[in-house]
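Read the structure below first, then the notes.
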Number of protein chains: 4
Amino acid sequence: MNRHSYFHIFLGGDELVKKDKPKYKQIVDAAVIVIAENGYHQAQVSKIAKQAGVADGTIYLYFKNKEDILISVFQEKMGMFVEKLEHILTQEVSASEKLRLMIESHFGLLSGDLHLAIVTQLELRQSNHEIRMKINGVLREYLLQMDKILVKGMEDGEFDKDMDIRLARQMVFGTMDETITTWVMNDHKYDLVDLAPKVHRLLMKGMRA
Amino acid sequence: MNRHSYFHIFLGGDELVKKDKPKYKQIVDAAVIVIAENGYHQAQVSKIAKQAGVADGTIYLYFKNKEDILISVFQEKMGMFVEKLEHILTQEVSASEKLRLMIESHFGLLSGDLHLAIVTQLELRQSNHEIRMKINGVLREYLLQMDKILVKGMEDGEFDKDMDIRLARQMVFGTMDETITTWVMNDHKYDLVDLAPKVHRLLMKGMRA
Amino acid sequence: MNRHSYFHIFLGGDELVKKDKPKYKQIVDAAVIVIAENGYHQAQVSKIAKQAGVADGTIYLYFKNKEDILISVFQEKMGMFVEKLEHILTQEVSASEKLRLMIESHFGLLSGDLHLAIVTQLELRQSNHEIRMKINGVLREYLLQMDKILVKGMEDGEFDKDMDIRLARQMVFGTMDETITTWVMNDHKYDLVDLAPKVHRLLMKGMRA
Amino acid sequence: MNRHSYFHIFLGGDELVKKDKPKYKQIVDAAVIVIAENGYHQAQVSKIAKQAGVADGTIYLYFKNKEDILISVFQEKMGMFVEKLEHILTQEVSASEKLRLMIESHFGLLSGDLHLAIVTQLELRQSNHEIRMKINGVLREYLLQMDKILVKGMEDGEFDKDMDIRLARQMVFGTMDETITTWVMNDHKYDLVDLAPKVHRLLMKGMRA
DNA sequence: AATGAATGAGTATTCATTCAT
DNA sequence: GATGAATGAATACTCATTCAT
């Protein structure tokens, strides 16, 4: 039994097989570049195809439609964030330290891929309701992992036990998001990762027991 | 000399004269309703005209183009927020109390106009880069007033003197924004203003000296 | 009360008002010419608009979509056939004579508009299932009138009383249709109306009592 | 020398050799099924290949292009009709009886293959001008055989000697065609072959000397 | 000032056909 | 012979904006 048929059974196959092919990632990466450089509304399928070095029609061998490309971009890239976060969660450190690592990791990933930062913070937010809802679905996974840090911190007495977990999450994510968006809008003039410790300290003061 | 005539000098007369005419507000209000009820991408000029009870062409007697309508919506409505905030700044209370009043006022205004909340938190963010930059310009005035509270609090020793003012502002605004957006996305199931004290407490802990 | 509001009450208004405007007929006539000269599959909306002397977008002020244009072409033109047939039905002549007049009228109308003949006999039959079903609906009205001649002839003893009305109708319409299509495919080399008496005689022999 | 090798000389060998291979018929039969079940415009080459159990590219080893498949469908199937008709022509019976046998045979063949009936009466007529002209070429052979019955009948004094042979053929074929199409459109609710004697009688009355 | 009919630029997607393996 | 991944041309429709009335 080959690898393909193995996955076919557990994961539905078609989808995964396509994601494994080099052109799938090629197109996703092309989409990030085209959207970042041209803006969401000027990111035509033909432009993405050209950037990926494939024919327009080839796009549709790997994606159902344009919407599918955009959601896949977010899914593929968000995957990196979730992976890093999951790794942080396994470490034997305090909740505060995990929070610091998360902020640093999050800032670091976006600092290292300016195109991606523009796409996630500015451009993808211009998408229509339907796409945004699907993106939110992907984001939820990340926020659920984030919650684990907060809950652990509260249980261990590091964070305020009476804290409203939803508000705390909104403060953490809202602060990070606002910080990154401002950085992107200021054309990355300063170093984002340098801000991580300050952001961490600010948030910690807010949540400390 | 009132505030309007002050701006009159800098912004050009035509604009202002038109803003005083009844149809100007009529169209702006229609735009809020149409965008909230149909979504940003389904808010055609003809729909706004119909809602406002004027002909399509009439829109262009009051607005340069569609973009101008959208920016005007934000400008006109944001005006209310700035006015309230300016009033809070004149009060003889602590910076912490001013912060609380601001959050409460901000939440209150949006709670009282669900259409506006949908438009500012969800729909207007789907606009293109250019419009978003202009909206940010309008928002800046509000953030500058907000900064005054933070600076005053730091000077008075209520807030941490070593705080990075930009980060603090991002935490405050990011937390509020994220809280409101979550509330809108949850279809206003709970009372937003009720969350104000909790948000205030959370932010205060973060900034306290 | 003006003419428009009068019709509005009885006929649904919008539709009719548009059909009365000169551009409606202008576009329908342009469609016949474009389809006849370019073939069904090469009759793009932009070509029809150009032929009609209007902008592409104008088409959509008068027609819901391309399908609507095609059905309207058949409806408008078939209207002439039905009108003539209804007039024939009012005449005080034998069923046989009515049949002769119908064939002559049918052949005459198509002889007089070669574009239309090509469109109805060859091109419109290439349309998809949905359009064809709608066209058949329009055609049904014509066949119902035709049935009246056959029924009258049977009642009056001119036609065979034991005739299967459905088969008789299929023979009459099938023969006419096949005759016209052959004439169109032979590039109108001979005179179609000249064939009317012969076709009439042939059909009459088949149906005579 | 058989009929095939006769044509071999005039039509080129490649064609014929391929027609004898099993995959040729496999693809033709698949095309009939796919067109009947999906409609002409939804009968993509890839669907036909799938139904035939071959790869898309394989189609092009047996057919020049898609058009060639469609014409071949008609040719192959029409072959059965011509064969039956040729057999009828050899029989020692009256022209009227031959006509009856032809109608019965024609109705019978289509009754026995509903897919084929749908394809020839409805779907293939949606093909473009060029294909339709080629189909008519194939049909001509059938009509030429049919003419033989009419000519014989006229010579023998069974049919009206003054009959216009072309019109008579159009009546015969038009009536049969219209009858079959109506039967197909009515979802084969009644028995088509049962109608053969009635159709025969109707036509005979029309042509009788 | 107000109208609303007319304009026309711009784009996602399908599918017959090819050709390297 | 057989495959199937890759190609790329071709087209209906929307809607912001104009301008004659």
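The model shown is predicted, which means the values in this text are computed figures rather than measured ones. To find a chain, count down the sequence lines: A is the first, B the second, and so on, and within it residues start at 1.
In this structure, A:Q42 places its CD atom 11 Å from C1' of E:dT11, rounding to the nearest Å. A:K47 has its NZ atom 10 Å from the P atom of E:dA12, to the nearest Å. One interatomic measurement links the two molecules: CD of A:Q44 to C1' of E:dG10, which rounds to 9 Å at whole-angstrom precision. Rounding to whole angstrom units, CD1 of residue B:I27 and P of E:dA1 are separated by 12 Å. Here the P atom of nucleotide E:dT11 and the CG atom of A:N38 are 11 Å apart, to the nearest Å. Look at CD on C:Q26: it is 16 Å from P on E:dA5, rounded to the nearest Å. The nearest whole Å value for the distance from the OH atom in A:Y24 to the P atom in F:dA5 is 17 Å. We find that CG of C:D68 is positioned 15 Å from P of F:dA12, with the value rounded to whole Å.
Looking at D:Q26, its side chain does come within 3.5 Å of a backbone N or O of D:A52 through a donor-acceptor pair. A donor-acceptor pair under 3.5 Å links the side-chain atoms of D:K47 to the main chain of D:Q42, judged by distance alone. With B:R132 contributing its side chain and A:L122 its backbone, the two residues share a donor-acceptor pair below 3.5 Å.
Projected onto DNA chain F by closest heavy-atom contact, C:H41 and B:K66 fall at different nucleotides, the more 5' of which corresponds to C:H41. Projected onto DNA chain E by closest heavy-atom contact, A:N65 and D:K64 fall at different nucleotides, the more 5' of which corresponds to A:N65.
As judged by a 4.0 angstrom heavy-atom cut-off over every strand, A:V45 is placed among the base-contacting residues. Within the 4.0 angstrom heavy-atom criterion, no nucleotide atom of any strand lies near A:K50.
Here D:I131 contributes atom CD1 and C:Q126 contributes atom CD; the two are 9.0 Å apart, rounded to the nearest 0.5 Å. To the nearest 0.5 Å, atoms CD1 (D:I35) and NE2 (D:H41) are separated by 11.0 Å. Separation of atoms CD1 (C:I69) and OH (C:Y62) is listed at 13.0 Å; rounding is to 0.5 Å. With rounding to the nearest 0.5 angstrom, the CD atom of C:E37 is 6.5 Å from the CD atom of C:Q51.
Between A:D68 and A:K134, no side-chain nitrogen of the basic residue sits less than 4.0 Å from a carboxylate oxygen of the acidic one, so the salt-bridge criterion is not met. Comment: A:D29 engages A:K77 in a salt bridge, judged by a side-chain N to carboxylate O separation of less than 4.0 angstrom.
Scanning residues 55-62 of chain A for heavy-atom distances under 4.0 Å to DNA chain E yields A:D56, A:G57, A:Y60.
Side-chain proximity of D:V54 to the nucleotides F:dT3, F:dT11, E:dT3 is greatest for F:dT3.
A sub-4.0 Å separation between OP1 or OP2 of F:dG1 and a side-chain N or O of D:K23 is absent.
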> Under a cut-off of 3.5 Å for both distances of each Watson-Crick or G-U pair, what dot-bracket string does DNA chain E give, using [ ] for crossing pairs and | for inter-strand pairs?
Replying inline: .||||||||||||||||||||
